[in-house]
Colleague: 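Can you keep this structure in mind? I'll have questions shortly.
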Amino acid sequence: MDVVRTEYLPDPSLDQAEMKAQQRDIAADATFEDDGAVDPAALRLDEPIELPDGDPPRSGAADAPIVVGVDQAFTDGTAISAAIAVQSGSVVGRSIGRAPLEIPYIPGLLAYREAGAIVDALESLTVDPSLLMLDGSGRIHYRQAGIATHVGVLFDVPAVGVAKSLLCGRPARSLENPLPDGTRVPILADGSVEAPDGTVIGHAYQSRQFPTPARRHVNPLIVSPGHRVSATTTVETVAALAAGYKLPEPTRLADRAVDVAEV
DNA sequence: GCGACAG
DNA sequence: ATCTTGTCGC
């Protein structure tokens with residue numbers, strides 16, 4: 001697939017003020033509403049997917065939506081990104097991308113550190129995605145332009161962000177301990193987000209609840225729209241693709257793939 | 001000045 | 001994110 005908004009390719013040499021200004025432009029170009037391209041009901045998975053060893057057989061229902069999970073890992077001074085395309089319960093495409101790490105991790109500017117590798121991976125992907133599932137936030141971001149929004153706008157493809165912790169915003173209710181499986185808690189814009197106070201910018205979603213060594217529970221996922229999807233569709237999509245594990249299948253497979261690639 | 005902070 | 005073995009509990 002190809003980048004359509006080349007002016008937004010992440011440039012690590014920009015200073016922080018320029019990055020923030022660009023993020024405001026990206027947020028203005030993003031859409032946090034459904035445009036009909038994504039239907040959660042058409043994505044429902046019942047069981048976990050196996051990660052193929054070699055090149056994935058391009059099987060699957062030809063007209064079913066394709067969700068591409070993307071995740072990164074780091075070695076030395078390099079960022080590695082893996083993209084795994086999932087269509088109706090099977091892997092129908094995969095690619096790996098790399099890019100040198102130019103800047104440190106800075107909360108709110110993650111895309112300028114990691115998106116280069118993601119773009120490299122997605123540009124060599126031969127199937128075209130109905131939805132991109134990025135690790136990190138989308139609209140749950142100070143300037144409503146998290147990495148999922150940035151990448152979604154770059155390719156002008158529907159995108160959602162799946163994070164393991166909350167960057168900013170305020171949960172509508174407490175996220176304290178054992179939330180029942182399937183619980184959805186809206187995340188609202190507050191003073192830390194450049195959006196009208198109270199705007200629903202995403203959700204905390206308890207995909208699975210089971211005991212862990214340290215704590216007696218598992219933290220909920222934090223999901224938010226990246227581009228061309230609403231907050232509600234975003235949670236429903238993640239819920240539909242969660243097949244017994246904490247992470248939705250596309251993300252979980254990309255996670256595994258990038259670890260293997262790192263070796 | 002104080003606190004918070006995706007991966 | 002990454003550095004890292006065994007170990008507690010369902």
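Everything numeric in this text was worked out from a predicted model, so none of it was measured. Lettering follows sequence order; numbering is per chain, from 1.
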Colleague: Side-chain N or O of A:Thr75 less than 4.0 angstrom from OP1 or OP2 on C:dT2?
Modeller: no

Colleague: Indicate, with a heavy-atom threshold strictly under 4.0 Å, whether A:Ile222 touches base, sugar-phosphate, or nothing.
Modeller: nothing

Colleague: Please work out if A:Leu221 contacts a base, only the sugar-phosphate, or nothing of the nucleic acid, heavy-atom cut-off 4.0 Å.
Modeller: nothing

Colleague: Among A:Thr149, A:Asp29, A:Asp156, which residue satisfies the side-chain hydrogen bond (donor to acceptor under 3.5 Å, both in side chains) criterion with A:His227?
Modeller: A:Asp156

Colleague: What is the distance, rounded to the nearest whole Å, between atom CD1 of A:Ile201 and atom P of B:dA6?
Modeller: 14 Å

Colleague: Whole-Å distance between B:dG7 P and A:Gln72 CD?
Modeller: 11 Å

Colleague: Determine the sole option in A:Thr31, A:Thr233, A:Asp35 for which the side-chain hydrogen bond (donor to acceptor under 3.5 Å, both in side chains) test with A:Arg228 is passed.
Modeller: A:Asp35

Colleague: Any Lys/Arg nitrogen of A:Asp135 or A:Lys164 sitting under 4.0 Å from an Asp/Glu carboxylate oxygen of the other?
Modeller: no

Colleague: Atom CG of A:Asp76 to atom C1' of C:dA1: distance rounded to whole Å?
Modeller: 14 Å

Colleague: Could you check A:Leu188, A:Ile222, A:Leu166 and say which one makes a side-chain contact (heavy atoms from CB on, under 4.5 Å) with A:Pro171?
Modeller: A:Leu166

Colleague: Figure out the CD1/P separation between A:Ile106 and C:dA1, and round it to whole Å.
Modeller: 18 Å

Colleague: If we require ring centres under 5.5 Å and near-parallel planes under 30°, does A:Tyr105 stack on B:dG7?
Modeller: yes

Colleague: Once you round it to whole Å, what is the distance between P of B:dA6 and CD1 of A:Ile187?
Modeller: 14 Å

Colleague: Please name the residue in the list A:Arg24, A:Glu194, A:Gln23, A:Arg139 that meets the side-chain hydrogen bond (donor to acceptor under 3.5 Å, both in side chains) test with A:Gln144.
Modeller: A:Arg139

Colleague: How is A:Ser137 classified with respect to the nucleic acid when contacts are heavy atoms under 4.0 Å: base, sugar-phosphate, or nothing?
Modeller: base

Colleague: Side chain of A:Asp135 only, heavy atoms from C-beta on: which candidate in B:dA6, B:dG7, C:dT2 is closest?
Modeller: B:dG7

Colleague: Within the 4.0 Å heavy-atom criterion, would you say A:Gly108 contacts the bases, only the backbone, or no part of the nucleic acid?
Modeller: base

Colleague: On the nucleotide B:dC5, are OP1 or OP2 found under 4.0 Å from the side-chain N or O atoms that A:Tyr142 carries?
Modeller: no

Colleague: Hey, does A:Ala79 reach any base, or is it just sugar-phosphate, or nothing, if we go heavy atoms under 4.0 Å?
Modeller: nothing

Colleague: Distance check needed: B:dC5 P versus A:Arg170 CZ, whole Å only.
Modeller: 16 Å

Colleague: Rounded to the nearest angstrom, tell me the gap between atom CZ in A:Arg143 and atom P in B:dA6.
Modeller: 13 Å

Colleague: Rounded to whole Å, how long is the line connecting atom CG of A:Asp71 with atom C1' of B:dA6?
Modeller: 12 Å

